[in-house]
Every structure is written in C-alpha cells, then in structure tokens.
Asker: 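First the structure, which I've put down as structure tokens, then a few questions once you've had a look.
Only this structure's heavy atoms are used, side chains among them; waters, hydrogens and symmetry mates stay out. Just so you know, these numbers come straight off a predicted model, no measurement behind them.
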Amino acid sequence: RSAPSLSLYALVKSPLFIGADVTKLRGHSLDAYANAEVVAVNQDELGAAGRRVFGHGDDTAPYVGEVWACALSDGGAAVVLLNRVAARLAAPLAFTLPLATTAGTVYVRGRVAST
C-alpha cells in the first residue's frame, strides 16, 4: 500500500514523512520510500501541486480509477494512474493533460504497484 499512497502524496506536494522504523523497512516498503523519482516529483522546483485530471465515479460510470497529474519545471508532467478497485484493470484509458506546458513527444514509463 505504500507505493500508490506515496506517489499520490508526492504529486500533490504533501510533506513526505516516514511513519515507520526505517531500520526495519524491507521489500516493497523500502522500494517505495527509496524511489528517487517519486521524491524528485515532490521536490520539483516549480512546486506545482498535482490534481485529478480524469476520474470515473459519477452516477453514470463505474468507479474504477483516477488520473492525477502535475506540471514539472522541465516542461514535462508527472502522472499517477490510480486503480480504485481490487482487481487489475485491462482496459484502454484515454485522457487529456490540460496542464502540459510544451508540445512534443511523450515518454511513458510504467511502475506497477498494488494497493
């Protein structure tokens, strides 16, 4: 559970605190807290807080997930795809990032984490 939560906290620029004994962190928990990319998003000099840019959950669509994003100082954007159901989703997802500051090639890299 730590990786998705930490990713979202980093994106919205919340202070990042570790509420555990760091000498006992192992496995997924250690990987989540030691992820330099997540910390870099949180500490990005632009300081733009992330926000939800896409999400299901109204009365006409099933609540399956959300897309959160924030602009970065290099002109790029950080994006978190948040699955809100217990099962893995295997469906296409299309959305627009209204906060993109430059046009051009988009590089996507995935990191899978379970909640």
Asker: Checking the side chain of D44 only, and the main-chain atoms of S73 only, is there a donor and an acceptor separated by less than 3.5 Å?
Answerer: yes
Asker: With a 6.0 Å cut-off (strictly less than), is the heavy-atom count around OH of Y33, excluding the residue itself, greater than 12?
Answerer: yes
Asker: In sequence, state the C-alpha distance, the side-chain angles, and the governing distance for W68 and V53, and then conclude on side chain to side chain contact (heavy atoms under 4.5 Å, CB included).
Answerer: CA-CA 6 Å; W68 290 72; V53 296; over 6 Å; no
Asker: Extract all donor-acceptor atom pairs below 3.5 Å that involve side chains of residues 10-21 and protein atoms in other chains or at least two apart in sequence.
Answerer:
{"residue": "K13", "atom": "NZ", "partner": "V41", "partner atom": "O", "Å": "2.9"}
{"residue": "K13", "atom": "NZ", "partner": "A48", "partner atom": "O", "Å": "3.2"}
{"residue": "D21", "atom": "OD1", "partner": "T23", "partner atom": "N", "Å": "3.0"}
{"residue": "D21", "atom": "OD1", "partner": "T23", "partner atom": "OG1", "Å": "2.6"}
{"residue": "D21", "atom": "OD2", "partner": "T23", "partner atom": "OG1", "Å": "3.3"}

Asker: Side chains of L8 and L82: closer than 4.5 Å at any heavy-atom pair?
Answerer: yes
Asker: Does the pair V67 and V80 meet the rule for a side chain to side chain contact (heavy atoms under 4.5 Å, CB included), with working shown?
Answerer: CA-CA 6 Å; V67 178; V80 172; over 6 Å; no
Asker: Kindly write out the residues that satisfy side chain to side chain donor-acceptor pair (under 3.5 Å) with N42, not counting sequence neighbours, or none if the list is empty.
Answerer: none
